[in-house]
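What follows is a set of notes on a single structure, which appears directly below.
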Amino acid sequence: MTSALKLQFMTSPGGIRRAPAVPAAGKGHGRLRQQAARFSRSKRGLIRAVVNSDQNKSAATETATKSVDSSNNVNGSSLSVASSSSKEGGVVDVRAVITVRKKLKEKLTEKIEDQWEFFINGIGQGISIQLISEEIDPVTNSGKSAESAVRGWMPKPSSHPNIVEYGADFTVPSDFGKPGAVLVTNLHGKEFYLGEIVVHGFDEGPMFFPANTWIHSRNDNPESRIIFRNRAYLPSQTPAGIKDLRREDLLSIRGNGKGERKPHDRIYDYALYNDLGNPDKDDDLARPVLGTDEKPYPRRCRTGRPPAKIDPLCESRIEKPHPVYVPRDETFEEIKQNTFSAGRLKALLHNLIPSIAATLSSSDIPFSCFSDIDKLYNSGFVLKEDDQKVVQNPFVGPLMRQVLSVGERLLKYDTPAIIKMDRFAWLRDNEFARQTLAGVNPVNIEILKEFPIVSKLDPDVYGPPESAITKELIEEELHGMTVEQAMEEKRLFIIDYHDMLLPFVDKINALPDRKSYASRTVFFYNKTKTLRPIVIELSLPPTPSSPRNKHVYTHGHDATTHWIWKLAKAHVCSNDSGIHQLVNHWLRTHASMEPYIIAAHRQLSSMHPIFMLLHPHMRYTLEINALARQSLINGGGIIEASFFPGKYAMEVSSAAYKSMWRFDKEALPADLICRGVAVEDPSLPCGVKLVIEDYPYASDGLLIWSAIKEWVESYVEHFYSEPNSVKSDLELQAWWSDVKNKGHYNKRNEPWWPKLNTKEDLSGIVTIMIWTASGQHAAINFGQYPFGGYVPNRPTLIRKLIPQEHEPGYEKFISNPQHTFLSSLPTQLQATKVMAVQDTLSTHSADEEYLGQVNRLHSHWTNDPVVLEIFNKFSAKLEEIENTINKRNKDARLKARCGAGIPPYELLLPTSGPGVTGRGIPNSISI
């Protein structure tokens, strides 16, 4: 072997510097360059360890063999060949085992590249690693260091064929101390995925350095990657030897806010929502920038793309299938990519929707009868395919069953849960009301606090503020009670979208085939402890001829009134679907969570205990949000095409953020109290008592909230036991400042932001974030297809106003009310579009990580036995909760979740299998 393939160590008592045989770690890391220079000037005695082909050929082979044998344990934790721990001559021999994950499915060219990569790594020319001690070298005034090359010869397949392990051997002084970080330099021409590094040979036993990260090629970025040990340190407790690395790692993640981001970057920064429109393509696709004072919004992750040519305030678009930048480690892993990004979501948006459009656009007609809708589940419909290339992706396996038939493809949807047990349930008032408590959008119902009902909008613009819902109208439905009595007994409730929607109604109704009202719906909670709707108000903006343009409907007792009541409920459901998607789902979970994630990466070191606590709850969120901005909520995207606000969809979302979003009210108990559906009760575990006991979302949600809160409080207490430790944590304070002043910039001066001075403050803030990412998102996301997959139950838009007696369409309504109803619903094309999207959004992928569970590849996330014990208690608590929820679903007294034809409420059951299951709480917002 030539001298170029030798590995030499020039070792001083304080550290080891690498001889030029292996390329240096890169021109970055100024501290490390100074450290190396100081090593070379040291005149102390040297210990030389030479590893070359003549002396250690057999040893190198043995090293590789042992490394492969250990790969039967994915994380390398049960290696039977820990290195020699002999301290003869004042040195210690240690070994690092490096786990590299390969693709599950590789092309032939990739397999050939792998063989070359194995060879390069085998001869020590592929990956360089450097151990950094927690202790200071007095000569360099930095952490003691030791450097080596990763080696291994043609690893053999193991029980985990996509896991490859290599070894790196070090000889370090006996006073080296414990390693606290590893610097990894990728000398290959392409990136690789580093699972973890396990260091053997120190007295403490195996030391784990969990990575789960892409290591960029030195050709893309000369900086080495810093991987810290799985031990949490507050900033003030950071060992002296790795303090500089902690700071440098955060600086590299923040970036400088300039330039266009490259795919290999892992830089987190903020930007406005100025990427939704595409004015360069079409004037009709121009959209306002969100995040301004006029149209406030949370910030998104910055990509640095150049501005649009026509409107420099907007960012230029990247259209599918080209990826939008997210920091490298935020991208979907392979299983998720296959399920959604490559195989499912992109195929859905790029292939399936055009296929449906091609089939139906020539006759984009309404459903003519209910059997037309039933055919979607019973018979399916034929997709026209010109060249057999459309819809050939695997994503449609569990999504929809397909049958090939003579050059045509039959598309059949699974029967949604809402009609599987009782196909006529959606028609009944009690089911309409039940879904406000146990449906996919159970977060808008509130107690009727004031009567008469009065708008807060400007009366000069929007007409008289008083509602048309009168005391007499309500009391007709109260069976002898007065409005005052019903309010006193907390039995009147309302879903009020009037003020949120009325400013948009005229603009929406000017769009083709869109007709909407601003709605109010009043409910009565009767003595049988069930809820029923009693009056609906549908309002249009005032006109000179109709200054009080408000219509009030009750269920009535004759056929005409009954059909009009159905149409009024359909309008309410359309509004509810839009508010659910744009406000409660996208804004309050996806968009609001993104700044928390960006701030955490920018300001909290990966060894910070709060970062380690939040980390599983940040998985995939930036990637799914980027995909949504590219294809779902963008101008001309699926949401605009399928939901009632059309091109004004994100403006509605912005208006809701401006008028009603508050971080402190995102806590479940605070939200329930704010809506008046719960009252404070310190004697109960969550401090609240439900006004409607049979409120499945709230009662199950409080169990999940309580478990999260207990876990977070115990965790925070463990790390912040000292007085003022929260207030003096500089990283923590910078993180919270980033969230408020940058991530939610438009809300930065609001007085309701919680302080961050005590461990109680910290626990409350973190509990809200984890609840938002897990329980809250699960409750309003994974029921989308089970409830919305049947169009009449939750139409996403309505195409006609309700016919009035003096209008030409009224006679047609009288003669064929069913046709009027069905022709008001989305067309067949619109319906199948939204059904496909809802099915995709309701699906769990096979690699889903659920609340209270740890990915087996992340099993060494912490080495703290106290934290592990607390986490195990949290996991056990969630198992108890699952049993409790299952029992509730069989309790005949709870009519909102148990009864003839009523589906059980399972959206907050913690676990699930893959697919559309209507249950399961993932750790993070991953779809």
TODO: Using the side-chain contact (heavy atoms from CB on, under 4.5 Å) rule, take Tyr905 and Ile885 through it: C-alpha gap first, then chi angles, then the decisive distance, then the call.
DONE: CA-CA 8 Å; Tyr905 186 76; Ile885 292 174; 5.8 Å; no

Open item on the list: Restricting to non-hydrogen atoms, name the atom on Leu582 and the atom on Ser653 that form the minimum distance, rounded to 0.1 Å.
Closed with: O-OG, 2.8 Å

Open item on the list: Using only atom types and a distance under 3.5 Å, with no angle test, would you say the side chain of Arg799 pairs donor to acceptor with the backbone of Pro366?
Closed with: no

Task: CZ-CD1 distance between Phe524 and Ile474, expressed to the nearest 0.5 angstrom - done: 11.0 Å

Task: Reported OG1-to-CG distance for the pair Thr843 and Asn781, which is rounded to 0.5 angstrom - done: 9.5 Å

Open item on the list: Under a 3.5 Å threshold, yes or no: a donor from one side chain and an acceptor from the other, between Thr554 and Glu476?
Closed with: no

Open item on the list: The test is side-chain hydrogen bond (donor to acceptor under 3.5 Å, both in side chains); show your working for Glu848 and Ser912 and say whether it passes.
Closed with: CA-CA 9 Å; Glu848 200 85 87; Ser912 173; over 6 Å; no

- [ ] Return yes if a side-chain donor-acceptor contact under 3.5 Å exists between Glu477 and His555, otherwise no.
- [x] yes

Task: Exam field: side chain Ser574 to backbone Ala570, donor-acceptor pair closer than 3.5 Å - done: no

- [ ] Using distance alone, with no hydrogens and no angle criterion, decide if Asn575 and Ser519 have a side-chain donor and acceptor under 3.5 Å apart.
- [x] yes

Open item on the list: If we ignore hydrogens and angles and just use 3.5 Å, is the side chain of Arg675 paired with the main-chain N or O of Ile445 as donor and acceptor?
Closed with: yes

- [ ] For the residue pair Leu538 and Leu801, establish whether any side-chain heavy-atom pair is separated by less than 4.5 Å.
- [x] no

Open item on the list: Is it true that Ser467 and Glu537 share a donor-acceptor pair across their side chains at a distance under 3.5 Å?
Closed with: yes

Task: Presence of salt bridge, Arg897 and Asp694, under 4.0 angstrom - done: no

Open item on the list: Contact between His498 and Ile453 at the side-chain level, heavy atoms closer than 4.5 Å - yes or no?
Closed with: no

- [ ] Apply the test side-chain contact (heavy atoms from CB on, under 4.5 Å) to residues Arg520 and Ser455: give CA-CA distance (whole Å), side-chain angles for both, the deciding distance (0.1 Å), then the verdict.
- [x] CA-CA 11 Å; Arg520 291 184 175 112; Ser455 170; 3.8 Å; yes

Task: Considering all heavy atoms, the nearest Ile925-Met593 contact - done: CD1-CB, 4.0 Å

TODO: Tell me, yes or no, whether the heavy-atom count around Glu693 atom CD, taken from other residues, nucleotides or ligands under 6.0 Å, exceeds 12.
DONE: no

TODO: Please name the pair of heavy atoms, one in Ile780 and one in Pro442, separated by the smallest distance, quoted to 0.1 Å.
DONE: CG2-CD, 4.2 Å

Open item on the list: Counting neighbours of NZ on Lys449 that are heavy atoms of other residues, nucleotides or ligands and sit closer than 6.0 Å, is the number greater than 12?
Closed with: yes

Task: SB check Lys665 Asp671 (cutoff 4.0 Å) - done: no

Task: Side-chain donor or acceptor of Thr796 paired with backbone N/O of Ser642 under 3.5 Å - done: yes

Task: OG1-CD distance between Thr589 and Gln776, expressed to the nearest 0.5 angstrom - done: 7.5 Å

TODO: For the pair Asn584 and Ile579, evaluate side-chain contact (heavy atoms from CB on, under 4.5 Å) and give the outcome as yes or no after the intermediate values.
DONE: CA-CA 7 Å; Asn584 299 326; Ile579 297 302; 4.1 Å; yes

Task: NE2 (His819) with more than 12 external heavy atoms under 6.0 Å - done: no

- [ ] Answer yes or no: is there a side-chain heavy-atom contact under 4.5 Å between Lys490 and Ile447?
- [x] yes

- [ ] Could you point out which residue of Asn793, Asp576, Asn441 forms a side-chain hydrogen bond (donor to acceptor under 3.5 Å, both in side chains) with Gln435?
- [x] Asn793

TODO: Could I get the full list of ring pair (Phe, Tyr, Trp, His ring centres under 6.0 Å) partners for Tyr790, not counting sequence neighbours?
DONE: Trp426

TODO: Return the orientation label for the Phe493 and Tyr525 ring planes: parallel under 30°, perpendicular over 60°, tilted otherwise.
DONE: perpendicular

TODO: Measure from the side-chain N and O atoms of Asp700 to the backbone N and O of Leu909, and report whether any donor-acceptor pair falls under 3.5 Å.
DONE: no

Open item on the list: Using side-chain heavy atoms (C-beta onward) and a distance below 4.5 Å, is Arg434 in contact with Arg428?
Closed with: no

Open item on the list: With rounding to the nearest 0.5 angstrom, report the CZ to CG distance, Arg491 to Leu531.
Closed with: 11.0 Å

Open item on the list: Does either side chain, that of Gln830 or that of Asp513, offer a donor lying less than 3.5 Å from an acceptor on the other one?
Closed with: no

Open item on the list: Whether the Thr530 and Asn526 side chains hold a donor-acceptor pair (N or O, under 3.5 Å, no angle test) is what I'd like checked.
Closed with: yes

Open item on the list: Working to the nearest 0.5 angstrom, can you tell me the gap between Tyr553 OH and Ile536 CD1?
Closed with: 9.5 Å

TODO: To the nearest 0.5 Å, tell me how far Asp891 CG sits from Asn886 CG.
DONE: 13.0 Å

Task: Atom NZ of Lys471: over 12 foreign heavy atoms under 6.0 Å - done: yes

TODO: Give a yes or no on whether the backbone of Thr832 and the side-chain of Tyr413 come within a donor-acceptor separation of less than 3.5 Å.
DONE: yes

Task: Glu488 atom CD, neighbour heavy-atom count above 12 within 6.0 Å - done: no

- [ ] Report yes or no: does Ser774 contribute a side-chain atom to a donor-acceptor pair with the main-chain N or O of Leu851 at less than 3.5 Å?
- [x] no

Task: Test: Lys877 and Glu710 ion pair at under 4.0 Å - done: no

TODO: Please state whether the rings of Tyr695 and Tyr697 are parallel, tilted or perpendicular, taking 30° and 60° as the class boundaries.
DONE: tilted

TODO: Give a yes or no on whether a salt bridge exists between Lys527 and Glu489, defined as a side-chain N under 4.0 angstrom from a carboxylate O.
DONE: no

Task: Audit row: Thr911, Arg919, side-chain contact (heavy atoms from CB on, under 4.5 Å) steps and yes/no - done: CA-CA 7 Å; Thr911 62; Arg919 57 176 289 166; 3.4 Å; yes

TODO: May I ask you to check whether His777 and His585 place their ring centres under 6.0 Å from each other?
DONE: yes

Task: Test item: Ser592 side-chain N/O and Leu587 main-chain N/O as donor-acceptor pair under 3.5 Å - done: yes

Task: Note, Lys895 side chain near Ile902 side chain (heavy atom, < 4.5 Å) - done: no

Task: Geometric class of the Phe782/His844 ring pair [parallel <30°, tilted 30-60°, perpendicular >60°] - done: parallel

Task: Donor-acceptor under 3.5 Å (Ser706 side chain, Leu703 main chain) - done: no

- [ ] Considering only NZ, NE, NH1 and NH2 on the basic side and carboxylate oxygens on the acidic side, decide whether Asp414 and Lys420 come within less than 4.0 Å.
- [x] no

- [ ] Please report the closest heavy-atom contact between Leu473 and Ala468, naming both atoms and the distance.
- [x] CD1-O, 4.1 Å

Open item on the list: A side-chain contact here means heavy atoms from C-beta on lying under 4.5 Å apart; do Val834 and Val791 qualify?
Closed with: no

TODO: Examine distances only and state if a side-chain atom of Gln804 and a backbone atom of Ile802 form a donor-acceptor pair shorter than 3.5 Å.
DONE: yes

TODO: Answer with yes or no whether the side chains of Ser823 and Lys800 bring together a donor and an acceptor at under 3.5 Å.
DONE: yes

Open item on the list: Quick check: do Pro792 and Phe370 have side-chain heavy atoms less than 4.5 Å from each other?
Closed with: yes

Task: Tyr377 vs Ile419 side-chain heavy atoms within contact, under 4.5 Å - done: yes

- [ ] Kindly give the heavy-atom pair with the smallest separation between Met500 and Ala656, and that separation in Å.
- [x] SD-CB, 4.4 Å

